[in-house]
Amino acid sequence: MFGAPKSEQFNDVYFSEQDGLAESRHVFLQGNNLPEGWMGKDEFVIAETGFGTGLNFLAAWKCFRENADAGQKLHFISFEKYPLDGEEILANLYHWSDEFKGYLEPMVEAYPMLVPGFHRVELGDGVLLTLIFDDVNEAMPQVDAKVDAWFLDGFKPSSNPEMWSEVLFQNMARLSKEGARFATFTAAGAVRRGLAEQGFIVEKVQGFGRKRDMSVGFFKATPKPEPEKGTQ
Ligand SMILES: C[S@@+](CC[C@H](N)C(=O)[O-])C[C@H]1O[C@@H](n2cnc3c(N)ncnc32)[C@H](O)[C@@H]1O
């Protein structure tokens, strides 16, 4: 057990106090069937709500580099309303400096200035990080992408209900490829219903550590009704 950074504003932690990295791998990688999910795909697109310290991104990047075939590309898009600066990220992830040797420092070196808007961060070896410093509900409607997997982080819905909005779920459906997966640490009813209403098949599975459950699933687009013949 070690400390985890906490947001006083949201009265919630950035990641598990038990083991944030193990939690990230359980919830977001396994929850999205990664690394199997990107096998055979030239490019794989992940979108995340709440970049925070970048721990989820680092876990995904390392997993990708260790498992992807030569030439495969990863595009990781992450929204962050209250970005930390590079020094805060280094301090918060210090515990994993060895684990992320060759990842953490390059990420922090390439990390953009804390200016609102879209930032393109090229990390080499076919890995692109797009950081969007804005409220996800403001910025996601402006995004054009074809997403394979969603990392729904962000503080818990009871502390941060504004983030888990209908706009978010509608835009997830708009940007999802058929069969796109999502994973989130929460099993809150409002989140599960919101996703289901937009065409996601939602399943409750075992959570990380002391958390009893979390949610995973995939997008199943409903076919658009054929226009009636003979009418203008
Ligand atoms: C639990 S932390 C995320 C942890 C992060 N994934 C990591 O690996 O460190 C939640 C993050 O969501 C961000 N956030 C909260 N509400 C948001 C919103 N409406 N739009 C964008 N980001 C938001 C917070 O600032 C915080 O960094």
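Please read these numbers as outputs of a predicted model, since none were measured by experiment. All ligand and atom numbering here is 1-based and tracks the order in the structure.
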Using side chain to side chain donor-acceptor pair (under 3.5 Å) as the criterion, point out the one residue from H75, K177, R181 that pairs with D148.
-> K177
Apart from V115 itself, which Ile, Leu, Val, Met, Phe, Trp or Tyr residues share its cluster (side-chain heavy atoms under 4.5 Å, direct or through members)?
-> M113
Using a 4.0 angstrom limit on heavy atoms, which residues are close to ligand 1?
-> V13, Y14, E48, G50, F51, G52, T53, G54, L55, N56, F79, E80, K81, Y82, D134, D135, V136, D153, G154, F155, N160, M163
Which pairs pass side-chain hydrogen bond (donor to acceptor under 3.5 Å, both in side chains) with one or both residues in residues 37-46, sequence neighbours excluded?
-> none
For the pair F200 and F219, name the ring-plane relationship: parallel under 30°, tilted 30 to 60°, perpendicular over 60°.
-> tilted
Classify the angle between the aromatic ring planes of F57 and F51 as parallel (below 30°), tilted (30 to 60°) or perpendicular (above 60°).
-> tilted
Which pairs, with at least one residue in residues 95-121 and sequence neighbours excluded, count as a salt bridge (charged side-chain N to carboxylate O under 4.0 Å, His left out)?
-> R25-E99, K62-E99, R120-E122
